[in-house]
2 protein chains.
Amino acid sequence: MLRSQMYTYSYPHPAVATDLCVFSLDEEFRLCVLLIKRGLKPYLGHPALPGGFIKVDEESLEQCAARELEEETGFTKAYLQQFGVYSSPDRDPREHVISVAYFALVERDSETPTAGSDASHADWVEVSKALHDDLAFDHATILADARAALIRETEQSPIVLQLMPDEFTLSQLHKAYEGIYGRELEPANFRRSLNKDWLVETGEYQRGHQRPAKIFRANPNL
Amino acid sequence: MLRSQMYTYSYPHPAVATDLCVFSLDEEFRLCVLLIKRGLKPYLGHPALPGGFIKVDEESLEQCAARELEEETGFTKAYLQQFGVYSSPDRDPREHVISVAYFALVERDSETPTAGSDASHADWVEVSKALHDDLAFDHATILADARAALIRETEQSPIVLQLMPDEFTLSQLHKAYEGIYGRELEPANFRRSLNKDWLVETGEYQRGHQRPAKIFRANPNL
DNA sequence: TCAAAAGTGTTTGAGGTACACCCATGT
DNA sequence: ACATGGGTGTACCTCAAACACTTTTGA
């Protein structure tokens, strides 16, 4: 470790960090968020959103969010979107910390994530449960806002596909949408409302205990 | 002036500011934005968005935006909405400045604004013209984003009323919507699409050179 | 042949667009 | 009376909700 060095400014500066709501789907295609257990003093032991401070003069907040995502969870190349800024002077007891919040969409399977990560304990928690956990700082508010932003974005773009595995059936996609919206969708209407340009058929079928379901892939051309 | 004092931190902090896109309507109900002429060195003399640095440990960004609005333009009690964050390390040549952008909606008439204000030269410029001015920093990008955010918000809430004078006709409101959307709207359909709960009739009529128009007021209960 | 999931068709109604039309006024 | 902007009615289209219906499999 290097000797501590001081950084001085002619007027006060706040600390600036990114907080990440990393979303994925579990085996049943329910919406989950990645929470870490805090290992440091304010809110020690509490579940919290991953995140970290910006590298001043080196990176933008988008880059900071992407870096933190990789450092803390191992995920790279995830979909990232900024959705909120939290700036109350007393939201962090240590100093005035302004937090810019992003949500990230990842597919759960691609490697075992959260392994080899900074945060010793990172866990996927169903979003509706996470909101009732005793999250550190104002992270419960941030998470609620993230879910709202995700819903809004889902209504007008195919980002849900960022959460899906490479291959999936329409029933699975259906469950994913229901999990995000938090309500049931008529299967027939769901199929029709779905923009077929977003998907391509693989030609394969998933054989189960009933009629086999067509297997789809996300359209590589957006 | 007090002696200069230094503020020190154990790791680098960025500067954090708010930038304001203050929108209003001109006599013809065209959308205008308030621009100041920079009196300081980077981009000296260029038109720019009003704004300023956050008071650390004292205020949130919302409060900072409201304060800057009042200090630089004299407007108080305006509608304020956050819509973007700009954080590229080199967007300001002096140091790494993270800017959180708000748009404000004001009615042009309520007192002469921009008088008694910090900024010696503040002027209303039609938005489409302002976008082609040589704005300081990345303010052209910010302004374009603000217009997009305003359109999105206009589509789903009655914020346009924040721009209107106390009393107005449907034709005037019609023009305001056309100015914001940047396209013409069928008068008949505009009337129908308008949520009548947002308005109350005054019972008065504006007499002009043709059929008199009903005069409305924004519904005080939202 | 039956249960259960996959997938299709059809009716209904809400909401938006286009456009024809009537109304009230000053000149 | 007529031009002009204020204001209404209506036909049409699209799209989403609801729900009845057919298909394909394993057991």
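Owing to the predicted nature of the structure, the values given are computational and were not obtained by experimental measurement.
- Atom CD in B:Glu178 sits roughly 13 Å away from atom P in D:dG5 (whole-Å rounding).
- Position along DNA chain C of the nearest nucleotide to A:Tyr205 versus B:Ala188 favours A:Tyr205 as the more 5'-ward residue.
- Across all strands, B:Ser171 comes closer than 4.0 Å only to sugar-phosphate atoms, never to a base (heavy-atom distances).
- What separates NZ of B:Lys196 from C1' of D:dG7 is a distance of 10 Å, to the nearest Å.
- Centroid-to-centroid, the aromatic rings of B:Phe137 and B:Tyr43 come within less than 6.0 Å.
- The distance from the CZ atom of A:Arg217 to the CG atom of A:Leu161 is 13.0 Å, given to the nearest 0.5 Å.
- Counting only heavy atoms from C-beta outward, the side chains of A:Pro158 and A:Asn195 never approach each other to under 4.5 Å.
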Contact list (N/O, under 3.5 angstrom) for nucleotides 24-27 of chain C vs protein:
residue, atom, partner, partner atom, Å
C:dG26, O4', B:His209, O, 3.2

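- Using a cutoff of 4.0 Å between basic side-chain nitrogens and carboxylate oxygens, A:Arg67 and A:Glu59 are scored as salt-bridged.
- Side chain of B:Asp138 to backbone of B:Thr141: no donor-acceptor contact under 3.5 angstrom is found.
- Rounded to a whole Å, the NZ atom of B:Lys175 is 12 Å from the C1' atom of D:dG6.
- Rounding to whole angstrom units, CD of residue B:Glu184 and C1' of C:dC19 are separated by 15 Å.
- Between B:Phe190 and B:Tyr177, the ring centre distance stays below 6.0 Å.
- One finds no salt bridge joining B:Asp134 and B:Lys37 here, because no Lys/Arg side-chain nitrogen approaches an Asp/Glu carboxylate oxygen to under 4.0 Å.
- One interatomic measurement links the two molecules: CZ of B:Phe190 to P of C:dG15, which rounds to 18 Å at whole-angstrom precision.
- Judged purely by atom type and a 3.5 angstrom limit, A:Gln172 uses its side chain to pair as donor or acceptor with the backbone of A:Thr169.
- The distance between atom CG of B:Leu194 and atom P of C:dG15, rounded to the nearest whole Å, is 14 Å.
- Aromatic pair B:Phe216/B:Phe168: ring centres not closer than 6.0 Å.
- Distance, B:Ile215 CD1 to D:dG7 C1': 16 Å, rounded to whole Å.
- Look at CZ on B:Arg183: it is 14 Å from C1' on C:dA18, rounded to the nearest Å.
- Proximity note for B:Glu186 (side chain, C-beta onward) versus C:dA6, D:dT8, C:dC19: the nearest is C:dC19.
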What N/O pairs connect the protein and nucleotides 11-16 of chain D at under 3.5 Å? Give each pair on its own line.
none

